[in-house]
Amino acid sequence: MGFCEDCHKTSSKSAKTIEGTELPTQGEVLLIGAPNVGKSAIFYALTGTYTTVSNYPGTTVEIFRGEFKFGNSRYGIYDAPGIYSLACTTDEERVARSFLFSKPFSKIVHVIDSRRLRTQLILTLQLLDAGYPVVLVLNMTDEAERSGLLIDEVALSENLGIPVIKTSATKKTGIKNLIEKLVSQRSETSTTISELSHEEILKRYEANSDALAKHTELRNKIDKTLAGVVTRRYTTKQTQTLDRALTHPVFGFAMLLVALFVFYLVVGVFGAQIVVDLIDKQIYLPFAASITTLIESSIGSRPLQDLLIHDYGVLTLGLRYAFVIILPIVFTFFFAFAVIEDSGYMPRIAFLLDRFFKRIGLNGRGVIPIILGFGCATMATAATRTLETKKERIIATFLLSLAIPCSAQLGVISAILAEKPLALLFFVIFMTLNFLVSGMLASKLVKGRQPLFFLEIPPLRTPHISNLIKKTLSRAYWYLKEIIPIFLFVSIAIWGAQQLNLFHLALKAITPAVNALGLPDQASNIFLYGFLRRDYGAAGLYDLKRAGILTANGALVASITLALFVPCIAQFLLTIRERGIKAALLITGLILPYAFLMGLFVHTLLNVTGITI
Amino acid sequence: MSTNFLQAGKAFKICDFSELNPRLIKTLLAIGILPSMEIKILQVYPSVLIKTEESIVAIDRETASLIIAGNSELKQ
């Protein structure tokens, strides 16, 4: 799953072509296969269009479209979410199956993890049984061969009667061969979707009563198909020392704490303090001084000057927040996060935290969208579709809106509170308790059965630096693309409201609530920004603290209130799409008063106990 | 259901699926867990890690006790 870019690349991306034209293609190809087999890596190798590639199941939960060229011909290609078999159990699988049924494809490329050939051939046989034109891709052959597994793809191709190609997508080996197969063996006609109707397919594989019998029949077929095809030279030690340590009941949790601390050093100290300070002092301040002089000397009108510079100017507020404060934080966050994703550590964290997550109505699988939420809650809301039950999806969506601050907020808050470690510790404990208590309450209130936990643990891998950089740049690009128009809009809206004296009125309206939290009048600005985007509010908080307007207690109260604040517009819209308007309004309606109440609670607690941080 | 028999390092057979609910059966089949399949338990806490024919799967103790019969321990 990628960050928010994924949420915005569904149908709109599918209409887009490489040249930006709508010319018909020579064929449309669908990539399909189990989660975490490298479909997105194949997609990228074929098209050069980057979609997020990671090392955990459920990275892709939407459909992506790209194109590749062969000679003068163009071919459309789709990357679908993971699907184990045509008998689906999760929403992400249903997305893939519905898309398979939605239109004719010239080829269905079934991508398999070579090490899991026996298990994953089930879907190949189902697709062939339904009459689809299948090309089988044995991906990750390099890893399979390193583990001693040799596959005779020629014999497999003969046994199945379809083209079989070995690839290692991250190294781009076998891709040329795949393109040649897709082009030369393209179906002459793609007027039929499959030989079986969708109803027949569903009836055949969805029927629960004899699912096992059908599966056993397919497994027997696979045994025959693989006879003489697979040779195992030696058996590798499946669980390496590091892997054992990462999942160990004691060392595993200790290593998780170490990983979190390293994460904090990278994002909260290096990104949010060192880099932000460097850019602010060395680049922004000299730039702001020259641009202010230039504009003041060339534009006579004070309102026009205010639009560009001074306290709320587009250049000195909107773009400063985006480039000087937020970008360095999210950039370092995305990089550190990519390391966790690509190494395969995330499913291991899910394994460690399964028991805790059971207490809040989720299970280990819920860890993945929740962790993704620390990057961007909008993307994480889309990732909730990997959860099995409706109850889990509702609880995860609720917690993502209420209890999980995004990367920009976390970076700013950790930078603000870093000089007072006690405040930072209080913040972490408070947010953890808030997460657990609201989760436990939600678990009691939302009806539904307790989900069972099952998750495939992928092998640990050393992340490829090129993928880390590509992923970080792609996400940073997406982030800027999303926030710059909003930040500019907010700056212009504030300027407009100022000219009409409305900004002052809005500030006046919320100032009593802000004062009740023990915060000065100037803090009203950040909450007003926070209504539009939480990260914009966080950037404002950063400036207030640096200007010495907030006390340490005030910074803590404001940080907690902002961290719990209403979801941003993109997350709200995605919540409507995934959970419906009623749930989205209910969640947002609950969060706003709750955030202020919690701020008030912390302020009162500090006052009553006389604690000065 | 007792889960005491689940011990790291021991090998078992996956039990018959006749008592399981259809959703669980579908999930198990999807990730390649079949009746009579031999598995090895790698770890039992905080959840259960099992090594199947082709992969390592994390499951909770409840699921493990549903799909692994206590009397199916294999001599290694």
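Throughout, protein chains are lettered first and strands after them, A, B, ... in sequence-line order, and every chain is numbered starting at 1. Predicted model, so just to flag it, every value in this text is computed and none were measured.
In terms of the ring-ring contact (aromatic ring centres under 6.0 Å, His included) criterion, A:Phe453 has no residue partners (sequence neighbours excluded). For the ring-ring contact (aromatic ring centres under 6.0 Å, His included) test, no residue two or more places apart in sequence or in another chain qualifies with A:Phe351.
If you measure heavy-atom distances from A:Leu452 to chain B, the contacts under 4.5 Å come from both the backbone and the side chain. Using a 4.5 Å cut-off between heavy atoms, B:Ile31 contacts chain A through both its backbone and its side chain. Proximity to chain B involves both the backbone and the side chain of A:Glu388, based on heavy atoms less than 4.5 angstrom apart. With a 4.5 angstrom heavy-atom cutoff, A:Arg115 touches chain B only via backbone atoms. Contact annotation for A:Phe253: only side-chain heavy atoms (C-beta onward) come within less than 4.5 Å of a heavy atom of chain B. Only the backbone of B:Val48 comes within contact range of chain A, judged by heavy atoms closer than 4.5 Å.
Remark: side-chain polar atoms of B:Ser55 are not paired, donor with acceptor, to backbone N or O of B:Lys51 under 3.5 angstrom.
Distance CG/A:Leu353 to CZ/A:Arg359: 13.0 Å, rounded to 0.5 Å. In this structure, CD1 on B:Ile14 lies 7.5 Å from CG on B:Leu28, to the nearest 0.5 angstrom.
A donor atom on one side chain and an acceptor atom on the other are found under 3.5 Å apart for A:Thr119 and B:Glu54.
The candidate from B:Ser47, B:Gly32, B:Pro35 with the greatest count of non-hydrogen atom pairs under 4.5 Å with chain A is B:Ser47.
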